[in-house]
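Heads up: the structure comes next, in structure tokens.
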Amino acid sequence: MATLEKIRSKSVFLFTIIILALLAFILGDALTSGRSFFGPGDTIAKVGGEKIKYQDYSARYTQNSEQAQQSQRRSDPDELAQSTLQQLVFETLLNREIDNLGITVTDKEITAAMTGDNPHPAVAQFIYTVAQQLGLPEGSNGRTIIDVMNNPARYNFPPEVGEQIKQMWKAQEDQLETQIKQAAFGSLVSGLFTSNDIDAQAMYDNNMTQSQVAYVSTPFSAIADDQVEYSDVDLKNKWAETKSDYFLPEETRTVDYIVVNIQPSVNDLNEAEVEVDNTVAALATTDGLEALAAKPRFTTENIVTPVARLKNNADLRTLPDSALAKGRVHKFPKRQNTFTIAKVLDVTAQIDSINISMLGTPSRAAADSLLALINGGRSFASLVEENQGMGVDSVWQTLVGAPAEMKTLLEAANVGVPFIYSDSLRGEGAVIYNINRRHAPVNVAEVAVIKYVVDPSAQTISDIKTGLNSFLASNSKADLFSQNADSLYRLQHAEVTPSSAHIGNVADSRQAVKWTMDAKAGQVSKIFENQDHYLVVALKNIYEGEYRPANAPEIQDALRARVIADKKAAKLSEQYPAGKYNDLQGYAQAMNTTVQADSAVVFTSPRLGALGFGEYAVQGKIAAAPQGKIVGPVQANNSIVYFMVNGSKKEGRPFDARQDGMSFMQSFGISDYYNMLVGDEKVKNNSLEFVQEAR
């Protein structure tokens, strides 16, 4: 009883301990999963009030990854992750608009598109694929697939095949419904913005009107930089004027970083070369590849090819003729960290290739019948044509590397005498062969390509990391890191957002992106370890507003250059004011330059005479200027300009309302649906919360 009383008296204390333990467990689990307890939960992204769930993203990522593998496309996992998320954001916004517009698809439309005589193109491909997989007859349609689905036994399929087709059919219906809705939305949107005759005419005029323009200019460099005064207020005003250039769609952070490659040291390479040289000597004094028996670091690939084609092999193209004898060994110059050795195992005279006709038959009896026809005068080509898919006529076939039995057979057969080949061990079928031509024997080499890839030793890896740790110990703040990194490493710069797949172009650096978005300005990261490099990041600046601020270091030079250009343009305009001279020659003499006479200017051309590229302000003034009148001063990119339009003419084809209207839509029509749907809404990318910390 005394014990029970003690427990009751301490009940509040015990209850508190239990609650704390539970909280510790929950928080610990949340932290180890890479997300805080009060984080985004299962929402990987949010836009316009719409949430994208992690499980939906995960399923789509798996699907996209499998498709990339099937198409043999190389895809960076981090880049694929971000493109998958952007895909889901687009679809979420698109579906919201579709719902708001009340776009629906009826069962009748789905049925017609799936089973009608003219199925939807995506459905037609689906039907063809399923029919091929099931071995259904050519011409199978949607109704055939439904019949197989509902009555698999009729087609000699087990019940589970019908269930699998049902699942595939349902998935195809869902996908089709989405495609029809999206197509309807696209038609509605594109119909909202179309060109008219005025647009088409303007497009034609802009592209085909060639103005004859004479101009004179004086560069900003005529005024020295130290003659221009400006203040921080000028920089801020210029930023306010041009701040749209510095828009930030999401929080942005600037970093300095270093990448230290984990590669063999000079000592590692020297030791490897000694082993390679010893192996070369052993290969030269032993038969075959016996010298490699106890050397797993060496990899071997046997190449059998005519000597004349050795040049086509990337490893053997520089093999000297003096090495082309049985037993010869040749060591190639080292490429990066790889040593390559070639040993010629044999050089023999062989028939390189033959021209052959072949016709497959289901049985020996069928082959005998067809052979009798050939011997009776029927051409091989006509029989191949009658039995499409069962044979080929007059094709060149290489014998190098062919199975020994077949090679011996085809080498020994008489040219122009058809014969039957059958093998009871390989089934009842038989093949009729006819050797049409046979090349003369050529020298064929069998060469072993032996490679040794030098990896960094444990000592080298330890030395690299020790040196990096030593540097970080005395440069643990971002400013010191940036000041001193270039003395030992190559300092690089990058901008990072929650949507960044990498730090700069560093592969597999998503964990470093997560660190960057969680860190405080001035911090230096731990060492992020990869298979072939170490990465360290220093966080310099954090920009959370809608625009990059005027005091951002990376835009200070740009703002300063713009302000100085404006100041110089103003000084030059005061020095050579409008109306001071009656002709361009007067301005040219005052500026100590010459008039550029009658340059052909097209409004849409990226270049304007000797002024260069991107002179849009001047081109706009030219397009609107009257003929025969001096216009200026106009501030160009690097000078002030005075010009006169002396005439204009249309060049090229005549106006075509349809063609020029299409050209207008290509230039100004709606093509970027993603940004159109996002609009001014911010995309909240929570994907970093799901990145696992390195352990």
At their closest point, which heavy atom of Pro498 faces which heavy atom of Asn685, and how far apart are they? O-ND2, 3.6 Å

Report yes if some heavy atom in the side chain of Leu136 is under 4.5 Å from a heavy atom in the side chain of Ile145; otherwise report no. yes

Test: Arg378 and Glu386 ion pair at under 4.0 Å: yes

Fit a plane to each ring of Tyr54 and Phe690, take the angle between them on a 0 to 90° scale, and name the class: parallel (under 30°), tilted (30 to 60°) or perpendicular (over 60°). parallel

Looking only at side-chain N and O atoms, does Asn64 offer a donor or acceptor that is under 3.5 Å from a partner on Gln87? yes

Indicate whether any N or O donor in one side chain lies under 3.5 Å from an N or O acceptor in the other, for Trp169 and Glu173. yes

Could you go through the side chain to side chain contact (heavy atoms under 4.5 Å, CB included) check for Leu688 and Arg510 one step at a time? CA-CA 8 Å; Leu688 287 174; Arg510 187 71 172 155; 3.4 Å; yes

Will you find, in the side chains of Ser457 and Gln459, an N or O donor that is under 3.5 Å from an N or O acceptor? no

Between Thr178 and Asp174, is there a donor-acceptor pair closer than 3.5 Å when you use the side chain of the first and the backbone of the second? yes

Strictly distance-based, threshold 3.5 Å: is any side-chain N or O of Asn270 a donor or acceptor partner for the main-chain N or O of Val266? yes

Taking the side chain as C-beta and beyond, is there a heavy-atom pair between Gln179 and Gln175 under 4.5 Å? yes

Side chain to side chain, Tyr257 and Val536, heavy atoms closer than 4.5 Å: no

Search all heavy atoms of Asp277 against all heavy atoms of Lys331 and return the closest pair with its distance. OD1-NZ, 2.7 Å

Test item: side-chain donor near acceptor, Thr62 and Ser65, under 3.5 Å: no

Could you tell me if Asn141 and Thr144 have a donor-acceptor pair between their side chains, going purely by distance under 3.5 Å? yes

To the nearest 0.5 Å, what is the distance between CZ (Arg317) and NZ (Lys311)? 10.0 Å

Where His502 and Asp508 come nearest, the two heavy atoms and their spacing: CD2-N, 4.1 Å

Within a reach of under 6.0 Å around CD of Gln55, are more than 12 heavy atoms found that belong to other residues, nucleotides or ligands? yes

About how many Å separate OG of Ser525 and CG of Leu472, when rounded to the nearest 0.5 Å? 7.5 Å

Phe471 side chain near Tyr489 side chain, heavy-atom distance below 4.5 Å: yes

Hey, are Tyr534 and Asn261 close enough side-chain-wise for a donor-acceptor pair under 3.5 Å? no

Evaluate the ring planes of His439 and Trp396, with Trp represented by its six-membered ring, and classify them as parallel (under 30°), tilted (30 to 60°) or perpendicular (over 60°). parallel

Hey, is CG on Asn375 packed in by over 12 heavy atoms from elsewhere, all under 6.0 Å? yes

Give a yes or no on this: more than 12 heavy atoms of other residues, nucleotides or ligands lie within 6.0 Å of atom CG of Asp321. no

Start with the C-alpha distance between Asn313 and Thr305, add both sets of side-chain angles, then the distance that settles side chain to side chain donor-acceptor pair (under 3.5 Å), and finish with yes or no. CA-CA 9 Å; Asn313 185 282; Thr305 183; over 6 Å; no

Which atoms form the tightest heavy-atom contact between Leu88 and Tyr57, and what is the distance? CD1-CA, 3.4 Å

Nearest 0.5 Å, what's the OG1-CZ distance between Thr398 and Arg309? 5.5 Å

With a 4.0 Å cut-off, would you call Asp486 and Arg490 a salt bridge? no

Counting distance only, does the side-chain N/O of Arg438 pair as donor-acceptor with the main-chain N or O of Ile351 below 3.5 Å? no

Is Asp368 salt-bridged to Arg364, cutoff N-O under 4.0 Å? yes

State plainly whether the residues Lys343 and Glu446 are in salt-bridge range, i.e. N to O under 4.0 Å. no

Hey, is CD on Glu160 packed in by over 12 heavy atoms from elsewhere, all under 6.0 Å? yes

Nearest heavy-atom contact between His533 and Ala507 is CE1-O, 3.7 Å

Value for OG1 (Thr318) from CZ (Phe332), rounded to nearest 0.5 Å, stands at 4.5 Å

For Val602 and Asn207: C-alpha separation, side-chain torsions, deciding distance, then whether side chain to side chain contact (heavy atoms under 4.5 Å, CB included) applies. CA-CA 7 Å; Val602 178; Asn207 282 289; 5.6 Å; no

Let me see the working for Gln492 and Val259 under side chain to side chain contact (heavy atoms under 4.5 Å, CB included), right down to the final yes or no. CA-CA 8 Å; Gln492 301 182 69; Val259 177; 4.2 Å; yes

Locate the shortest heavy-atom distance separating Leu289 from Thr300; write the atom from each residue and the value. CD1-CG2, 3.7 Å

Are any of the side-chain heavy atoms of Leu399 and Gln350 separated by less than 4.5 Å? no

I'd like to know whether NZ of Lys326 has more than 12 heavy-atom contacts from other residues, nucleotides or ligands below 6.0 angstrom. no

Hey, are the side chains of Val307 and Val442 touching, using non-hydrogen atoms and a 4.5 Å cut-off? no

Any chance you could lay out the side chain to side chain contact (heavy atoms under 4.5 Å, CB included) test for Lys451 and Glu301, step after step, and finish with the verdict? CA-CA 9 Å; Lys451 293 189 177 183; Glu301 179 187 8; over 6 Å; no

Side chains of Glu405 and Tyr421 only: does a donor on one sit below 3.5 Å from an acceptor on the other? yes

Ignoring hydrogens and geometry beyond distance, is a side-chain donor-acceptor pair present between Thr129 and Gln133 at under 3.5 Å? no

Does any part of the side chain of His330, heavy atoms only, come nearer than 4.5 Å to the side chain of Ile341, both counted from C-beta? no

Met358, CE atom: more than 12 neighbouring heavy atoms under 6.0 Å: yes

What I want to find out is whether Arg60 reaches Glu91 closely enough, with some N-O distance under 4.0 Å, to be called a salt bridge. yes

Kindly say whether Ala512 contributes a backbone atom to a donor-acceptor pair with the side chain of Ser509 at under 3.5 angstrom? no

Using distance alone, with no hydrogens and no angle criterion, decide if Glu271 and Asn267 have a side-chain donor and acceptor under 3.5 Å apart. yes

Quick check: do Leu383 and Leu370 have side-chain heavy atoms less than 4.5 Å from each other? yes

Would you compute the distance between atom CG of Leu359 and atom CG of Leu371 and round it to the nearest 0.5 angstrom? 10.5 Å

Say whether Asp463 and Thr460, considering side chains only, have a donor N or O and an acceptor N or O under 3.5 Å apart. no

Is atom CZ of Phe419 surrounded by more than 12 heavy atoms (other residues, nucleotides or ligands) closer than 6.0 Å? yes

Using distance alone, with no hydrogens and no angle criterion, decide if Asn434 and Asn436 have a side-chain donor and acceptor under 3.5 Å apart. yes

